[in-house]
Amino acid sequence: MTNLEIAEVLRHVAASYKLKDEKKNRFKIIAYERASDAVEHLSSEAKDLWDDGKLKDVAGIGESIAAHLDEIFRTGKSKHFSEVMKGLPESMFELMKVPGIGAKTAFRLSSKFKSKISASDPIGSLEKLAHKGEIAKLPGMGEDSQDAILKSIKEVKGRTIRLLLPYATQIADEIIEYLLEAKFVKSADALGSVRRKASTVGDVDIACATNYPKKAIEYFTSYPKASRVLEKGERTAGIVVAGGRQVDLMVETPDAYGALLQHFTGSKHHNIALRELAIKKGFSLSDYGIYIKKKGKKILKKIPTEEEFYKFIDMDWIPPELREDMGEIEAALNHTLPKLVDLSEIKGDLQIHSDFDIETSHDIGESTMFDLVAKANELGYEYIAFTEHNPSRGKHSDKQIIDILKRKKEKIYKLNNELRIKNKGLKRIFNSLEIDMLPSGKLPVPDEGLELLDFALVSIHSSFRQSRDEATNRVIAAMSSPKVKIFAHPTGRKLGKREGVDLNWEKILEFCKSKNKWLEINAEPMRLDLPDILVKDAVNIGIKLTLGTDAHHVNGMDNMPWGVSVARRGWAQIGDIVNTRSLEEFERMLEL
DNA sequence: GCCGTTTTCGGCCCGACTGTTTTCAGTCG
């Protein structure tokens with residue numbers, strides 16, 4: 001059972017309690033919803049935690065829920081959950097997937113149209129009923145509700161995967177630019193997961209500061225690229241842009257903008273923790289500002305900037321990337337927040353594929369070494385590594401592989417000489433290779449070939465479905481080769497397409513620490529791998545990380561900022577990232 | 001049902017928008 005499935009079950013339990021007796025179960029409902037959230041955002045599989053007896057360590061899962069989940073993992077179901085959901089129509093849980101339909105509405109629809117809602121496709125049945133005008137006839141519903149349901153169903157059906165960060169950022173940037181063209185808009189910022197630079201983004205949210213909120217809402221809803229206006233209030237508005245992507249705007253006057261920015265940047269978990277803390281200090285936080293109690297009255301203090309907002313509760317300003325309630329609140333209170341690594345501190349790109357014909361079975365780069373060097377100079381790097389895939393093993397003998405690698409070494413040797421003569425910008429090109437790990441953990445390059453390299457990366461490109469132990473042993477075996485320094489795109493995940501390989505991270509991190517091996521943060525937007533949560537684990541233990549774009553074209557080298565975002569979300573500082581070092585220091589580290 | 005730097009009891013985040021209502025319920029973030 002996956003985390004997503006467990007989270008869904010917990011949410012269904014919460015919905016069931018809501019229907020049975022909302023008043024009586026008020027806090028139980030919150031508890032189950034929180035537990036559901038917690039499981040959904042877990043960095044490891046709940047099943048694995050259960051295996052290790054650590055399920056109860058998850059904040060939000062206590063004695064009782066842990067026991068029910070234990071029953072589910074052992075027997076496939078929970079008697080208690082079945083009892084709670086007893087008497088409720090099965091189809092209602094499916095209908096709740098439609099935005100705007102919650103527990104109550106779903107229950108009413110499922111009960112009312114019992115015979116007309118098919119078990120195999122409840123949402124499809126509902127759509128038919130809506131088309132016939134049946135929904136509008138229900139008490140408390142009307143034409144507008146029916147239309148809203150139809151539109152939502154359409155969106156559910158055409159729902160694309162979550163956006164990758166760069167695309168979401170681009171949508172946000174274009175709208176921010178549009179907003180700032182209006183004279184009455186003082187400032188505009190991305191909110192939510194875009195501002196926190198999460199790897200994927202659902203909806204794009206934007207804030208704007210203006211003394212003319214009405215005008216700003218009007219202006220926003222007439223954005224030329226909007227295909228539809230979802231809502232239009234006094235303070236917020238929502239539109240749909242190309243690809244069915246929703247963009248929400250929050251408007252505030254400049255004197256209260258800080259509280260708004262803080263609130264809608266989130267994350268939800270960060271805000272909840274923050275508000276609970278504020279209550280203990282006698283304040284109440286909201287997106288309008290901070291309420292202070294005076295003589296039994298609540299007085300609103302408006303907050304123009306985020307810095308002032310955090311300062312008011314005795315905290316340092318927290319970089320948005322850290323706002324996940326993962327310890328940043330405690331650190332901000334103690335003034336021990338890390339100084340996060342910055343893009344300007346990156347001195348090299350450690351994964352680049354040129355068009356050198358290395359006769360690999362994988363994809364070869366599209367740009368020449370010459371063009372890639374020019375790009376590296378443009379980016380102000382001191383060094384780069386050419387890391388083409390290894391020559392294919394099936395088509396080459398060991399001797400042929402060694403010959404190819406010799407040719408590549410010579411070519412890079414010549415290029416390095418030219419750099420030395422020019423004596424500016426880029427100082428050194430490293431001769432590296434991204435080597436497949438065979439399923440056994442063996443490397444498809446003979447030792448004599450490895451000796452030709454400055455250092456090597458290893459990565460997984462096949463057999464993604466090995467068992468946890470098999471895969472872990474494979475990685476450790478492959479990394480044990482002396483020339484191998486970096487484990488590239490370690491989980492092998494592709495966002496929205498493929499889960500990563502199931503690995504025992506405790507073991508791998510321990511290995512990296514003891515053998516001084518490095519983990520790559522791959523900056524390719526669909527990878528962003530190592531994931532931020534594992535970056536944080538690695539940083540905690542003191543494992544060094546590298547940044548590489550995995551560029552197969554000069555343009556790919558522009559992806560470095562996304563990798564830096566992942567590093568920052570994992571609390572990495574300059575010292576944690578190897579390629580923030582000067583060339584001389586980096587060379588020393590390679591020899592360790 | 002969960003949780004603890006005032007607590008193992010007594011709390012539990014805050015507010016907007018929509019639609020269908022004459023004061024609110026449901027849903028969402």
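Throughout, a chain's letter reflects where its sequence line sits, starting with A, and its residues are numbered from 1.
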**Prompt:** Where the side chain of A:Arg235 is concerned, which of B:dG1, B:dG26, B:dC17 is the nearest nucleotide?
**Reply:** B:dC17
**Request:** For A:Ile29, report the nucleic acid contact type (base, sugar-phosphate, nothing); a contact means any heavy atom under 4.0 Å.
**Result:** nothing
**Prompt:** Which part of the nucleic acid does A:Arg34 contact within heavy-atom distance under 4.0 Å: base, sugar-phosphate only, or nothing?
**Reply:** sugar-phosphate
**Request:** Report which part of the nucleic acid A:Ala103 touches: base, sugar-phosphate, or nothing (heavy-atom distance under 4.0 Å, all strands).
**Result:** sugar-phosphate
**Message:** Does A:Lys280 reach a base, just sugar-phosphate, or nothing at all? Heavy atoms under 4.0 Å.
**Reply:** base
**Prompt:** Any side-chain N or O of A:Tyr291 less than 4.0 Å from the OP1 or OP2 oxygen of B:dG15?
**Reply:** yes
**Request:** Say whether A:Thr253 and A:Asn211, considering side chains only, have a donor N or O and an acceptor N or O under 3.5 Å apart.
**Result:** no
**Asked** Touch check for A:Ala59, heavy atoms < 4.0 angstrom, all strands: base, sugar-phosphate only, or nothing?
**Response** sugar-phosphate
**Asked** Using a cut-off of 4.0 Å on non-hydrogen atoms, how would the nucleic acid contact of A:Gln246 be classed: base, sugar-phosphate, or nothing?
**Response** nothing
**Message:** From C-beta outward on A:Thr105, which listed nucleotide comes closest to its side chain: B:dC2, B:dG29, B:dT27?
**Reply:** B:dT27
**Request:** For the side chain of A:His263, starting at C-beta, report the closest nucleotide among B:dC2, B:dG15, B:dG29.
**Result:** B:dG29
**Asked** In whole angstrom, what separates A:Asn271's CG from B:dA16's P?
**Response** 15 Å
**Prompt:** B:dC12 base stacked by A:Phe27? Criteria: ring centres under 5.5 Å, plane angle under 30°.
**Reply:** yes
**Message:** Tell me whether A:Arg235 forms a cation-pi arrangement with A:Tyr288, defined as NZ or CZ under 6.0 Å from the six-membered ring centre and within 45 degrees of its axis.
**Reply:** yes
**Request:** Specify the separation, in whole Å, of atom CD of A:Glu63 and atom P of B:dT8.
**Result:** 18 Å
**Request:** Using a heavy-atom cut-off of under 4.0 Å over every strand shown, decide if A:Leu274 touches base, sugar-phosphate, or nothing.
**Result:** nothing
**Asked** Quick one: on DNA chain B, does A:Lys232 or A:Ser286 contact a more 5' nucleotide (nearest heavy atom)?
**Response** A:Ser286
**Request:** Take atom C1' in B:dG15 and the same atom in B:dG10, then report the distance between them in whole Å.
**Result:** 25 Å
**Request:** With syn defined as a glycosidic angle within 90° of 0 and anti as everything else, classify B:dT6.
**Result:** anti
**Electrostatic pair A:Arg569-A:Glu328, nearest N-O below 4.0 angstrom** = no
**Prompt:** What nucleic acid atoms does A:Met141 come within less than 4.0 Å of, heavy atoms only: base, sugar-phosphate, or nothing?
**Reply:** sugar-phosphate
**Message:** From C-beta outward on A:Ser145, which listed nucleotide comes closest to its side chain: B:dT18, B:dG19, B:dC14?
**Reply:** B:dG19
**Message:** With no hydrogens and no angle check, just 3.5 Å: does a side-chain donor-acceptor pair link A:Gln262 and A:Asn271?
**Reply:** yes
**Request:** Remember a base hit wins even if backbone is also touched, and classify A:Val251 as base, sugar-phosphate or nothing at under 4.0 Å, heavy atoms.
**Result:** nothing
**Prompt:** Base, sugar-phosphate, or nothing for A:His270, non-hydrogen atoms under 4.0 angstrom?
**Reply:** nothing
**Complete:** Quick note, A:Asp144 side chain, CB onward, closest among B:dT20, B:dC2, B:dG15 is B:dT20
**Message:** Regarding A:Phe264, tell me which of base, sugar-phosphate or nothing describes its non-hydrogen contacts under 4.0 Å with the strands shown.
**Reply:** nothing
**Asked** If you measure from the C1' atom in B:dC2 to the same atom in B:dT7, how many Å do you get, rounded?
**Response** 14 Å
**Item:** A:Asp205, nearest nucleotide to its side chain (from B:dG29, B:dT18, B:dC12)
**Value:** B:dG29
**Fill in**
Paired to B:dT8 by Watson-Crick or G-U wobble criteria (both distances under 3.5 Å) is none
**A:Asp287 side chain, from C-beta outward: closest of B:dG15, B:dG26, B:dC17** = B:dG15
**Request:** With heavy atoms under 4.0 Å as the rule, sort A:Ile30 into base, sugar-phosphate or nothing.
**Result:** nothing
**Asked** So, for A:Tyr17 and A:Tyr32, is the gap between ring centers shorter than 6.0 Å?
**Response** yes
**Prompt:** Do A:Asn334 and A:Thr336 have a side chain donor and acceptor closer than 3.5 Å?
**Reply:** no
**Asked** When the P atoms of B:dG29 and B:dT22 are considered, how many whole Å apart are they?
**Response** 27 Å
**Fill in**
Assert: residue with more 5' nearest nucleotide on DNA chain B, out of A:Lys281 and A:Lys18, is A:Lys281
